[in-house]
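Before any comments, here is the structure.
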Amino acid sequence: MVSLSRMFQVLQGHIQPAPHRGRKTRLVTKDGRCNIEFGNIEYSNHFAYLLDFWTTFVEIRWRFVLLLFVASFTGSWFVFSLLWYWIAKSNGDLTGQNRTDGHVQCIDNVNGLTTAFLYSLETQTTIGYGGRALTGHCAGTIALIIIQSLIGVFINCFMCGVILAKISLPKRRAKSITFSDTAVICLKKGSLCLLLRVANLRKTLLIGSQIYGKLLRTTTAPDGDTVILDQVDIDFMVDSGKDNLFFVCPLTLYHVINTSSPFYELSADSLPNQDFELVVFLDGTAESTSSSCQVRTSYIPQEIQWGFSFLPIISRTKTGKYRVDFSNFSKSVRVTTPHCVHCFETDADQKNHNSHNQENQDKQQKLGIDNLGFQVIDIHDSMDITKM
C-alpha cells in the first residue's frame with residue numbers, strides 16, 4: 001500500500017523524482033570530468049610531457065599502462081636475448097658452427113636464438129632452472145649479466161610504482177562521494193535558499209572537508225568584450241558552518257539567495273531560460289590514506305527545481321542505529337515557495353510593517369491615551385474648607 005501511495009503521489013506531481021540529466025554542453029560533467037580540449041599547441045611543448053614522465057605514466061589510461069608493462073618486460077628480454085645470442089655466435093657456441101676439440105662455451109646450453117631468449121628471461125626474472133648458466137670463460141658475459149640484472153630491477157620498481165600510484169589515486173576515493181542529481185530552491189530558516197545534497201558512501205571520514213561553488217556563465221564586460229566562462233564564487237554552508245564538515249552522514253548544503261548572490265534576479269519563470277552552470281567542489285583528506293581529494297559535479301538551470309524541498313532520508317531504527325535511505329536521496333517534494341526573491345522580500349517587509357504597527361498599538365493600549373480635555377489644578381493648604 002505504501003508503494004502504491006507513493007506512485008500515486010508521483011503521478012499527481014506532489015513528489016518530484018530526479019529528472020533526466022540534461023544534454024546541455026557542460027564544462028564539468030556530473031561525474032566530475034572536465035569537458036575541455038587543447039588545440040594549436042606548439043610541437044615543442046609536447047616534450048614537457050616527456051620531462052614530467054612520472055605524471056604522464058600515472059595519468060594515462062589503464063590499457064596503456066598494461067601495454068607498457070608487457071612491452072617493457074618482453075622488450076627487455078628480447079633485446080638481451082639478441083646480445084646473448086651474439087656472444088654465443090662470436091664464441092662458436094651455436095648449433096652448426098664448427099667446434100674444435102676442447103671448445104668451452106660461454107653459456108651452457110645456449111645454442112640458438114630460442115635458448116638465448118629463455119636464458120635472458122630466466123636471468124632477468126631470477127628463475128634459474130639450472131640448465132643454462134655462465135661458464136666464466138668469457139669476460140663479456142659477466143658484464144652483460146650485471147647490466148641486465150640492474151635494468152631488470154629498475155623496470156620492476158618503476159612498473160610497480162606506476163601501478164601502485166594509479167591504484168591509490170585520490171580520485172578513486174572521490175568515487176564514493178556522491179551529489180544529488182538535482183538542486184532545489186525553497187525557504188530555509190526564513191530565507192530563500194538553494195539546496196543540494198552530498199553523501200559519503202564510506203564509513204571512513206573526510207578530514208577537513210570544505211565545500212564551495214563556482215557559477216560559470218557568459219557575460220559582457222563594461223568595455224563590450226564578451227567573457228566566456230566568467231566565474232563567480234558561490235558560498236555553501238551547512239547548519240554547523242562551511243568548513244571542517246562532520247561528514248559521517250549525508251549533508252544538505254545551502255546557499256542563501258540575497259542581494260550579494262548571483263541568483264538574486266532569478267524567478268521561478270526565468271530560471272529554466274537561463275544559461276549558466278553551477279559547479280560544486282568538495283575538498284577533503286581521506287582518513288585512511290591521508291591523501292587529499294576533490295569531488296566535483298555541476299548543475300544546469302534545468303536541474304534546479306524552484307519550489308521543491310528534499311525528502312528526509314535519515315531515520316532511527318529500533319536498535320538505536322541511524323539509517324540512511326538513499327532511495328530518497330535525490331527526490332524532492334513540492335513546498336510553498338515565493339515566486340521570486342523580490343516577492344519574498346516585499347512580503348517580509350509588509351509583515352514587518354504590520355508587526356511594527358501592531359506593536360505600537362499594543363504599546364499605546366498599555367500606556368493609555370492622553371485626554372486633552374482634562375485639566376490639572378493645584379490644591380493649596382491655605383484654602384478654606386467649609387464645614388457642614
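Everything quoted here is computed from the prediction, not taken from an experiment. All values below were derived from every heavy atom in this structure, side-chain atoms included, with hydrogens, water molecules and symmetry-related copies excluded.
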Does the side chain of [X] come under 3.5 Å of the side chain of [Y] through a donor N or O and an acceptor N or O?
X: Asp31; Y: Thr29; answer: yes
X: Ser332; Y: Gln305; answer: yes
X: Gln210; Y: Asp283; answer: no

Check ion pair [X]-[Y] (N to O, under 4.0 angstrom):
X: Lys214; Y: Asp233; value: yes
X: Glu59; Y: Lys166; value: no
X: Glu277; Y: Arg217; value: no

Are [X] and [Y] close enough that some pair of their side-chain heavy atoms sits under 4.5 Å apart?
X: Arg26; Y: Ile300; answer: yes
X: His339; Y: Asp269; answer: yes
X: Leu83; Y: Gln148; answer: no
X: Phe236; Y: Tyr212; answer: no
X: Val65; Y: Ile60; answer: yes

(request) For residues Phe276 and Phe263, establish whether the separation of their ring centroids is below 6.0 Å. (result) yes
(message) Name the residue from Thr115, Leu118, Thr141 that meets the side chain to side chain contact (heavy atoms under 4.5 Å, CB included) definition with Trp84.
(response) Thr141
(request) Show the numbers, then the answer: is there a side chain to side chain donor-acceptor pair (under 3.5 Å) between Thr319 and Thr317? (result) CA-CA 5 Å; Thr319 58; Thr317 63; 3.0 Å; yes
(request) Output yes when a side-chain donor or acceptor of Ser120 lies under 3.5 Å from a complementary backbone atom of Phe117, and no otherwise. (result) no
(request) For residues 150-181, pull every pair meeting ring pair (Phe, Tyr, Trp, His ring centres under 6.0 Å), keeping only residues two or more places apart or in separate chains. (result) Trp54-Phe158, Phe57-Phe158
(message) Does Lys188 have more than 12 heavy atoms from other residues, nucleotides or ligands lying within 6.0 Å of its NZ?
(response) yes
(request) Could you name each residue pair satisfying disulfide bond (SG atoms under 2.5 Å apart) that touches residues 263-327, not counting sequence neighbours? (result) none
